[in-house]
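Since the structure comes first, as structure tokens, the remarks are kept for the end.
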Amino acid sequence: MQTINKKYILMVTVSCFLGICSGVALAEETSPSLAEKFIQQEAEKETFLEKAYNTHAETLTNILITATDDLQEKADNQTPNIDNELTTENSAEKQDPQEKPAETPAYIINLSQSEIDLLAKVVYAESGSQPFEGQVAVAATVINRVYSPKFPNTLTKVIYAPNQFGVVRNGAINRTPSATAYEAVEAAMRGQDPSNGGLYFWNPRTTKSKYFNTLTKTAEIGSHAFAK
């Protein structure tokens, strides 16, 4: 009995040993294959994830670009074109039939060039040292005389009437007038009259005639008094 048991135990032990060795051998034979399969599967997973990520990232990028372009297009369509609006407004203003350009005041008297030169000489000789307003007043006074029934009806006759202008008697009228004198004549011809309808002018400091005391004074500019 004891002999059988020993044999049985020995057989079992040998079988177990052989099984273990076979398992070890099998494990050594199959482990590399399993490792390779695992590595391959992980690589495939990584490749799949990478492709999926790249595709997803590219898709998101395209979506963002498209959305940005759409927003920009809407903003451009909604933003008013100021330049075009201003151009349209300016065109409308230019085409407004009710709007008229500023008109230059018409002349209240038509003078030939020789008469203009003559009046400028009187203005320069009589008031060349006076302020511009005073020079315009002198020119206006001469023009007022042309329209007054008390004096001749032409500029030349008004200026050369006897005993009217001292510059005619002393020859100062022959001096070359300044540009300012011509400007004063131009202003008076367009209706400016700082003398307020005056027909006479004189220097109260140098003129002693009592006749001027009988006139109605209309203005006093610089060294000159004006009256009618």
Side-chain angles (χ1 to χ4, degrees), residues 89-228:
E89 291 178 0
N90 291 337
S91 299
E93 292 178 357
K94 292 180 181 178
Q95 296 175 0
D96 187 358
Q98 297 181 352
E99 184 178 352
K100 296 181 180 179
E103 297 181 356
T104 303
Y107 292 117
I108 63 171
I109 187 172
N110 292 321
L111 300 177
S112 65
Q113 187 58 52
S114 61
E115 289 175 322
I116 292 173
D117 293 338
L118 181 60
L119 182 54
K121 288 180 179 181
V122 171
V123 170
Y124 181 67
E126 291 281 6
S127 59
S129 61
Q130 300 301 305
F132 180 73
E133 184 183 15
Q135 296 184 47
V136 176
V138 168
T141 298
V142 177
I143 292 174
N144 291 341
R145 286 191 177 193
V146 175
Y147 291 109
S148 172
K150 298 179 181 180
F151 300 92
N153 59 1
T154 67
L155 186 83
T156 301
K157 289 180 179 180
V158 165
I159 292 175
Y160 286 106
N163 302 318
Q164 294 302 310
F165 295 96
V167 295
V168 173
R169 292 193 303 270
N170 62 24
I173 194 174
N174 296 318
R175 297 173 183 172
T176 301
S178 65
T180 303
Y182 277 100
E183 292 174 3
V185 170
E186 175 79 11
M189 290 175 62
R190 292 191 181 280
Q192 293 187 35
D193 185 6
S195 74
N196 299 318
L199 295 173
Y200 305 90
F201 64 89
W202 70 99
N203 188 335
R205 295 181 180 179
T206 59
T207 301
K208 304 301 181 182
S209 175
K210 294 181 180 181
Y211 173 74
F212 295 110
N213 295 331
T214 64
L215 303 176
T216 302
K217 185 179 290 187
T218 57
E220 189 168 348
I221 305 171
S223 300
H224 286 151
F226 297 84
K228 59 182 180 179

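Along the sequence shown, residues carry numbers from 1.
- Considering every non-hydrogen atom in both P152 and V158, the closest pair reads O-CG2, 3.2 Å.
- Closest approach of H224 and S127 over heavy atoms only: CE1-CB, 4.0 Å.
- Contact detail for A225 and P204: the closest heavy-atom pair is CB-CG, 3.9 Å.
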Item to check | Evaluation steps, side-chain contact (heavy atoms from CB on, under 4.5 Å), between L118 and I173 | outcome: CA-CA 8 Å; L118 181 60; I173 194 174; 3.8 Å; yes

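- The shortest side-chain heavy-atom distance between Y107 and E186 falls under the 4.5 Å cut-off.
- Side-chain atoms of T180 and Y124, non-hydrogen and from C-beta on, never get closer than 4.5 Å to each other.
- When the options T141, N144, T218 are evaluated for a side-chain hydrogen bond (donor to acceptor under 3.5 Å, both in side chains) with D193, the one that passes is N144.
- The aromatic rings of Y200 and Y211 sit perpendicular, their planes meeting at an angle over 60°, well past the 30° parallel limit.
- For the residue pair S114 and S112, a side-chain donor N or O sits within less than 3.5 Å of a side-chain acceptor on the partner.
- For the pair N203 and S223, the tightest heavy-atom approach, listed with the atom from each and the gap, is OD1-O, 3.3 Å.
- The shortest distance between side-chain heavy atoms of P131 and I221 falls below 4.5 Å.
- Between R145 and Q164, the shortest heavy-atom contact is NH1-OE1, 2.9 Å.
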Checklist entry - Can you list the steps and then say if F226 with N196 is a side-chain contact (heavy atoms from CB on, under 4.5 Å)? => result CA-CA 8 Å; F226 297 84; N196 299 318; over 6 Å; no

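- Q130 is not listed as a side-chain neighbour of V138, based on a closest heavy-atom distance of 4.5 Å or more.
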